[in-house]
Amino acid sequence: INVDEVNEYMIKRGITMTIIDLGKANFKETIDYMLEYDYILAPHGASIVNVIWAQPEVVILEAYPVGWSIEFYPIITQQLNLTHFTIFPD
């Protein structure tokens with residue numbers, strides 16, 4: 001994901017984003033981040049498993065790279081009562 005491009009797109013629409021690198025967060029910080037936000041936009045990858053800490057009703061937007069389509073995380077999010085959308089590049 002081109003984070004700067006996505007952030008610029010959202011700002012133009014009046015949406016404020018908080019950009020977090022979970023690879024630099026400790027365990028407690030990761031849980032706190034998942035509990036804090038109503039919408040989570042993340043690239044497809046192992047860090048999405050952290051949605052297990054999210055509150056019910058949170059919306060997960062998972063961005064896949066070109067040529068990928070794995071239906072693993074939608075199953076997890078459904079079991080957790082989260083809304084899951086997949087985003088594919090043009």
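In what follows, every heavy atom counts, from backbone to side chain, and hydrogens, waters and symmetry copies are set aside.
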Closest non-hydrogen atom pair, [X] against [Y]:
X	Y	answer
Pro43	Ile48	O-CD1, 3.3 Å
Val58	Tyr37	CG2-O, 3.5 Å
Leu82	Pro56	CD2-CA, 4.0 Å

Side chains of [X] and [Y]: closer than 4.5 Å at any heavy-atom pair?
X	Y	answer
Phe85	Ile60	no
Thr83	Glu57	no
Thr77	Val51	yes
Ile11	Thr16	no

Assigning hydrophobic clusters by single linkage (Ile, Leu, Val, Met, Phe, Trp, Tyr; side-chain heavy-atom cutoff under 4.5 Å), is [X] placed with [Y]?
X	Y	result
Met10	Ile19	yes
Ile15	Leu41	yes
Leu22	Leu35	yes

ask   = Can you say whether the rings of Phe27 and Trp53 are parallel (under 30°), tilted (30 to 60°) or perpendicular (over 60°)?
value = perpendicular

Could you state the interatomic distance from [atom1] ([X]) to [atom2] ([Y]), rounded to the nearest 0.5 Å?
X	Y	atom1	atom2	answer
Ile52	Gln79	CD1	CD	13.5 Å
Tyr64	Ile87	OH	CD1	11.0 Å
Gln55	Leu80	CD	CG	11.0 Å
Asn50	Ile40	CG	CD1	9.0 Å

query = Between the side chains of His84 and Gln78, does any donor sit under 3.5 Å from an acceptor?
reply = no

task = For Glu8, check salt bridge (charged side-chain N to carboxylate O under 4.0 Å, His left out) against everything at least two apart and list the hits.
result = Lys12

inquiry  = Tell me whether Tyr73 contacts the main-chain N or O of Gly45 through its side chain, where contact means a donor paired with an acceptor under 3.5 Å.
reply    = yes

remark   = Lys28 meets the side-chain contact (heavy atoms from CB on, under 4.5 Å) criterion, sequence neighbours left out, with Asn26, Asp32

